[in-house]
Amino acid sequence: MKIATWNINGVKARIDNLLHWLREAEPDIVCLQEIKSVDEQFPREPIESLGYHVETSGQKGFNGVAILSKLRFDEVTRGLPGNDADEQARFIEGVFSTKTGALRVVSLYLPNGNPVASEKFAYKLGWMERLEGWTRARLALEEPLVLAGDYNIIPEPADAKNADAWLDDALYQPESRQAFRRLTNLGMTDALRSVSDQPGVYTFWDYQAGAWQKNNGIRIDHLMLSPEAADRLSSTSVQKHTRAWEKPSDHVPVVVELAA
DNA sequence: ATGGTAGCCGTGCTA
């Protein structure tokens with residue numbers, strides 16, 4: 001079972017790349033972020049033609065998440081609970097039936113939070129607090145759970161080419177990193193980190209200032225696994241080659257393979 | 001080096 005996350009940075013602008021990658025990598029479940037599309041405009045037909053079921057939570061212009069799955073959805077839930085005033089499309093949960101039981105997969109797009117001295121950073125921290133509460137409740141189910149997405153968090157210095165350059169950035173604030181660690185402390189496993197703690201594994205390279213050419217990247221796209229999912233983790237992969245494609249997203253897909 | 005690029009949608013906002 002191959003489960004992927006990819007911040008696509010505009011699904012309509014990226015549809016050719018997405019279809020090419022789906023054919024090449026053949027993932028079973030794909031979590032997309034920043035689809036930047038309303039649900040009605042999401043290019044679902046060519047994706048469905050490749051054998052995927054499609055569930056979206058979009059909004060106009062920015063944000064928006066989706067899950068593509070070769071398995072049928074048993075349940076779909078949109079939105080992270082805990083703030084009725086929050087209208088940003090950043091969270092969608094799908095439940096699937098596998099040979100070994102239920103599998104829960106979330107596609108999340110955590111707020112960027114910049115600039116730090118703004119209500120945007122407070123929104124980010126509030127969102128993370130809600131995510132922590134949601135995760136604690138879901139962990140009580142003792143099911144395989146994959147929380148996949150763009151966390152907009154650099155967990156450790158080794159997750160940036162030049163961590164010092166991010167000291168004033170919301171992605172690398174102590175509060176952001178602490179909130180990420182709280183997910184780990186609840187029992188969630190950072191899939192990539194658990195396979196290797198080698199530095200220099202990045203998932204995002206800015207379009208600006210030749211970041212890709214200089215390998216000036218950061219690791220901010222994460223798949224967090226419940227114990228029941230982590231027990232089945234067999235491999236991980238960062239699909240770095242897609243960053244060199246024509247019209248690339250600034251993020252690349254990250255894939256985990258779970259046994260059975 | 002306080003710029004630079006990209007998407008969406010409309011001439012600004014978000015990242």
Side-chain angles (χ1 to χ4, degrees), chain A residues 5-21 30-44 46-47 56-66 80 85-91 107-128 131 148-155 159-173 175-177 179-180 202-222 239-240 242-254:
Chain A
T5 183
W6 193 6
N7 180 320
I8 197 80
N9 189 22
V11 70
K12 296 190 289 281
R14 212 76 60 211
I15 185 63
D16 290 345
N17 278 7
L18 175 59
L19 294 172
H20 188 262
W21 184 73
V30 182
C31 298
L32 298 178
Q33 301 87 37
E34 283 207 88
I35 63 174
K36 295 185 175 180
S37 171
V38 294
D39 295 340
E40 295 73 25
Q41 301 295 324
F42 189 96
R44 57 168 52 242
I47 297 169
T56 63
S57 179
Q59 71 180 90
K60 185 174 175 174
F62 60 109
N63 298 331
V65 290
L80 178 63
D86 185 0
E87 296 184 340
Q88 299 193 30
R90 298 179 173 277
F91 187 97
S107 178
L108 66 87
Y109 177 46
L110 220 143
N112 175 295
N114 279 304
V116 172
S118 74
E119 70 290 342
K120 291 183 180 178
F121 190 59
Y123 173 64
K124 176 178 195 151
L125 296 182
W127 208 93
M128 297 192 72
L131 180 64
D150 177 358
Y151 282 69
N152 270 314
I153 294 172
I154 302 165
D159 297 314
K161 178 72 177 296
N162 179 14
D164 286 351
W166 297 88
L167 282 171
D168 295 327
D169 196 286
L171 278 61
Y172 195 58
Q173 289 306 293
E175 295 93 330
S176 308
R177 297 174 57 199
F180 186 83
Y202 309 132
T203 65
F204 168 91
W205 296 260
D206 202 291
Y207 290 121
Q208 304 179 71
W212 168 244
Q213 287 74 12
K214 292 186 269 190
N215 194 30
N216 183 17
I218 52 177
R219 189 175 75 96
I220 56 174
D221 299 275
H222 308 298
Q239 303 278 292
K240 190 174 177 179
T242 63
R243 187 62 178 79
W245 286 356
E246 291 289 316
K247 271 191 68 137
S249 170
D250 41 5
H251 298 248
V252 299
V254 183

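Throughout, a chain's letter reflects where its sequence line sits, starting with A, and its residues are numbered from 1.
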- So do the side chains of A:N9 and A:K36 get within less than 4.5 Å of each other, counting heavy atoms only? yes
Specify the separation, in whole Å, of atom [atom1] of [X] and atom [atom2] of [N].
| X | N | atom1 | atom2 | result |
| --- | --- | --- | --- | --- |
| A:N216 | B:dA1 | CG | P | 15 Å |
| A:K214 | B:dG4 | NZ | P | 14 Å |
| A:Q59 | B:dC8 | CD | C1' | 12 Å |
| A:E246 | B:dT5 | CD | P | 16 Å |
| A:I15 | B:dC8 | CD1 | C1' | 16 Å |
| A:W205 | B:dA6 | CH2 | P | 16 Å |
| A:D206 | B:dG3 | CG | C1' | 12 Å |
| A:Q33 | B:dG7 | CD | C1' | 16 Å |

Measuring only the [atom1] atom in each nucleotide, how far is [N] from [M]? A whole number of Å is fine.
| N | M | atom1 | value |
| --- | --- | --- | --- |
| B:dA15 | B:dT2 | P | 24 Å |
| B:dG12 | B:dA1 | C1' | 26 Å |
| B:dG10 | B:dG4 | P | 25 Å |
| B:dC9 | B:dT14 | P | 15 Å |
| B:dG7 | B:dG3 | P | 23 Å |

- Query: Taking the nucleotide of DNA chain B with the closest heavy atom to each, which residue, A:V11 or A:A209, is nearer the 5' end?
  - Reply: A:A209
- Task: Would you check if there is a donor-acceptor pair between the side chains of A:Y172 and A:D159 at a distance under 3.5 Å?
- Result: no
- Item | Side-chain donor-acceptor pair present, A:T5, A:D221, cut-off under 3.5 Å | no
- Task: Inspect the surroundings of CG in A:N162 and state if more than 12 heavy atoms from other residues, nucleotides or ligands are less than 6.0 Å away.
- Result: yes
- Message: Determine whether a donor-acceptor pair (N or O, by modelled atom type, separation under 3.5 Å) exists between the side chain of A:Y151 and the backbone of A:L108.
- Response: no
- Check: A:R219 main-chain N/O paired with A:T203 side-chain donor or acceptor under 3.5 Å: no
- Message: Under the criterion side chain to side chain contact (heavy atoms under 4.5 Å, CB included), I'd like the reasoning laid out for A:F91 against A:V65: C-alpha separation, chi angles, the key distance, then a yes or no.
- Response: CA-CA 6 Å; A:F91 187 97; A:V65 290; 5.5 Å; no
- Message: Output one letter per nucleotide in nucleotides 10-15 of chain B: B when a protein non-hydrogen atom lies under 4.0 Å from the base, S when only the sugar-phosphate is that close, - when neither is.
- Response: S---SS
